[in-house]
Amino acid sequence: MKNHYFALTLLAGVLLGIGLFNKNDYYFNVLNILLLKGLIVVGLSLLMGYAGQVSLGHAAFYGLGAYTSGILTAKYGWSPLSALLAAQGVTLLAALIIGIPALRLKGHYLAMATLGFGVIVYVIFKEMIDLTGGPSGLVGIPPLELLGHTFLESRQYFFLFALILVLAILFALHLAHSPFGRALLALHDSEAATMALGYDTGRLKLIVFLISAALAGLAGSLYAHFAMFISPTSFTFLHSVKFVTMVVIGGVASLWGALLGAALLSVLPEILTVFEDYDVLVFGTILVAIMIFLPEGLFKGLGNLFYRLKKCKN
Amino acid sequence: MGEILQFLLSGLTSGAIYALIALGFTIIYNATEVINFAQGEFVMLGAMFMATFCAHGLPIPLAFTLAVALTALAGILVERLTIYPARNASPITLIIITIGLSILIKGLAMFMWGKNPLPVPSFIGEKPLRIGGATVVPQSILILAMAVIAVWAMEIFFQKTLTGKAMRACAANRLAARLLGIRVEPLVLLSFALSAALSALAGVIISPITFATYDMGTMLGLKGFSAAVLGGLTSSTGSVLGGFILGILESLAAGYLSSAYKDAAAFIILVLMLLLKPEGLFGKKEIKKL
């Protein structure tokens with residue numbers, strides 16, 4: 001836990017430094033999106049690394065948060081905070097409906113059910129034009145307003161998102177190291193043994209799934225206000241896949257690995273724009289290569305590599 | 001009456017395509033327990049090769065054979081280069097590899113063929129036929145016939161030939177199959193080739209109707225996957241029936257409910273199936289309720 005606190009303090013320090021000294025709005029915009037992805041990935045990492053379940057529909061929860069917040073504020077004049085709370089309600093309800101039946105079963109049923117759910121939600125965003133604006137998107141979402149303060153600059157959003165992310169990581173770390181987290185780890189290794197210890201494993205998995213969906217929904221609400229415009233193309237199956245990829249690339253069992261993966265996959269496309277249309281080609285190759293050569297993820301894989309190199313030298 | 005017949009016929013046509021793709025999913029899943037998310041890209045490759053060969057003036061039967069054979073070769077390459085080196089990794093890692101592959105193959109296709117849809121000539125004329133008040137293009141009938149022949153040929157292969165029986169033995173219990181002296185690796189390779197060939201066939205025969213585009217595989221692949229889950233993922237009969245059921249229900253939903261939500265219909269069926277009868281229509285009852 002000590003190391004985790006150290007790493008978290010370091011992260012908070014770096015974020016504070018960037019926030020204070022960076023003058024470039026473009027960097028803030030890229031980093032803000034990265035921080036929101038980080039929020040989603042923290043939840044997904046809990047779900048995948050601790051409960052051993054995969055969600056292929058997290059972009060849908062992200063989208064439900066964004067669209068509920070966006071529609072309630074832009075079309076019905078709700079205040080951003082009350083819309084955000086309503087969005088949390090909608091996201092949790094959707095997660096309950098999918099999670100309760102799917103998590104009763106062993107195996108990767110949650111992955112298949114969330115895949116279907118994700119595509120359905122995407123089609124709804126695209127086709128319910130009266131409410132969502134359809135393929136051309138939802139415009140006129142007001143900026144975020146909290147405690148009488150209106151967020152207008154990218155820098156203000158940066159500080160808010162950074163604070164929320166640090167709090168979310170703190171929460172996730174404590175959860176993972178609590179009796180609840182240990183029960184989850186046990187569940188990951190042997191479901192039967194965990195049941196024998198008297199845990200209701202279905203409920204454990206459901207709680208983690210709800211937490212991860214809520215975090216994705218929160219990221220979506222924040223995104224809607226920050227971007228002030230949302231369209232269905234941000235919430236496709238490919239985005240769900242990218243979230244899962246971030247977690248796996250970094251290393252499923254580690255929160256920090258997942259954050260590393262999020263950083264890498266968010267920054268990579270910005271760099272790859274020099275390849276223009278061929279960026280997907282490079283992205284696919286990197287993804288396949290990492291999975292083949294470092295199946296435990298970059299975080300652990302690179303650590304092992306350093307260790308081996310060191311041994312070779314001696 | 002003509003209306004419902006029309007919906008049924010178009011449902012059967014897309015159902016035949018889904019059935020071929022679903023069968024491809026099942027074959028790879030049975031051999032490796034990998035859900036191959038690059039399956040849809042094999043469909044796209046088949047259609048793209050077909051469009052290229054036709055544009056170069058090759059006769060249709062030759063173009064057809066070459067397109068299917070080249071995609072089967074692509075399936076073999078995919079297995080050798082990506083799945084085989086990572087065969088000891090966890091299932092989720094393998095699934096991510098296939099997702100990465102799907103992005104990679106789609107990117108390659110865009111690089112090679114561009115973003116514009118490529119036309120493919122119809123195999124047997126364009127003149128629509130009238131069947132009891134419904135109108136069908138001849139290509140639809142051809143799709144149905146070829147899919148049925150392919151499925152039937154696969155069934156004979158699995159039931160009557162020694163190799164087919166060995167593949168079924170591997171699917172049932174890999175270790176026991178090994179103990180009987182069956183070499184598993186070549187069978188895995190064969191299953192990728194077969195699966196890619198079936199998907200390529202689906203792409204080739206649908207291409208005169210939909211044209212060939214670099215991103216056509218994603219949606220077809222996901223729907224084929226839904227069909228395979230509907231049929232139980234492990235059963236080849238189930239996945240074929242799942243494909244036809246999905247195609248017909250989708251077409252009816254688009255016709256009578258709302259065409260805008262056509263793409264959602266398949267996935268609503270998938271989710272409902274997982275919630276109500278997760279082992280699928282014909283799957284083995286190995287799912288344990290907690």
Side-chain angles (χ1 to χ4, degrees), chain A residues 48 52 54 56 97-98 100-124 126-129 191 195 200-202 236-238 241-242 244-245 248-249 252 277-293 295-297, chain B residues 35 37-38 78 81-86 88-111 114-115 218-219 222-223 225-226 229 233 258-276 278-279 286-290:
Chain A
M48 290 170 64
V54 184
L56 286 173
I97 294 172
I98 290 294
I100 289 177
L103 289 173
R104 271 188 336 216
L105 306 161
K106 268 188 178 177
H108 287 294
Y109 284 85
L110 188 72
M112 301 182 200
T114 45
L115 183 155
F117 168 74
V119 182
I120 295 168
V121 169
Y122 168 72
V123 174
I124 291 176
K126 217 173 64 179
E127 299 299 338
M128 216 178 246
I129 295 170
E191 191 152 356
M195 282 166 85
D200 182 349
T201 52
T236 59
F237 172 63
L238 189 67
V241 166
K242 273 194 182 162
V244 173
T245 311
V248 180
I249 277 193
V252 171
D277 272 355
Y278 309 124
D279 60 343
V280 277
L281 218 80
V282 184
F283 178 72
T285 316
I286 293 175
L287 186 57
V288 174
I290 290 180
M291 284 294 93
I292 293 176
F293 298 115
E296 291 192 63
Chain B
I35 295 171
F37 279 105
V78 158
L81 294 179
T82 63
I83 303 295
Y84 184 75
N88 295 324
S90 68
I92 183 68
T93 305
L94 288 169
I95 289 175
I96 298 283
I97 289 180
T98 66
I99 289 174
L101 268 174
S102 135
I103 298 172
L104 181 62
I105 297 175
K106 210 189 305 180
L108 273 176
M110 191 175 78
F111 179 68
K115 286 183 176 176
T218 312
M219 210 29 146
L222 287 178
K223 284 182 182 170
F225 169 68
S226 300
V229 173
L233 254 184
S258 151
S259 59
Y261 291 95
K262 178 171 178 274
D263 277 344
F267 300 98
I268 292 174
I269 296 165
L270 168 72
V271 171
L272 284 180
M273 191 69 197
L274 286 173
L275 303 190
L276 300 175
E279 71 273 16
E286 60 177 350
I287 292 136
K288 294 177 195 125
K289 281 208 172 181
L290 294 174

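Numbers restart at 1 for each chain; the letters A, B, ... are given by sequence-line order, proteins then strands.
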### Query
For Thr82(B), is it the side chain, the backbone, both or neither that has a heavy atom under 4.5 Å from a heavy atom of chain A?
both
### Task
Under 4.5 Å heavy-atom distance to chain A, tell me which part of Leu222(B) shows up: side chain, backbone, both or neither.
side chain
### Message
For the CE atom of Met273(B) and the CZ atom of Phe267(B), what is their distance to the nearest 0.5 Å?
### Response
16.0 Å
#### Entry: Leading residue by heavy atom contact count with chain A [cutoff under 4.5 Å; candidates Ile97(B), Leu270(B), Leu81(B)]
Ile97(B)
### Message
If we define contacts as heavy-atom pairs under 4.5 Å, which of Ile269(B), Thr218(B), Ile103(B), Ile105(B) has the most with chain A?
### Response
Ile103(B)
Under 4.5 Å from a heavy atom of chain B, the part of [X] involved:
X	answer
Leu56(A)	side chain
Leu238(A)	side chain
Phe237(A)	side chain

Can you confirm whether [X] sits close enough to [Y] that some side-chain heavy atom of one is under 4.5 Å from a side-chain heavy atom of the other?
X	Y	value
Asp263(B)	Lys223(B)	yes
Phe37(B)	Leu101(B)	no
Ile99(B)	Met291(A)	no
Met219(B)	Val119(A)	yes

### Query
For the side chain of Ser102(B) and the backbone of Thr98(B), is there at least one donor-acceptor N/O pair under 3.5 Å apart?
no
### Task
Give the member of Ile249(A), Ile124(A), Val121(A), Val123(A) that has the highest number of heavy-atom pairs under 4.5 Å with chain B.
Val123(A)
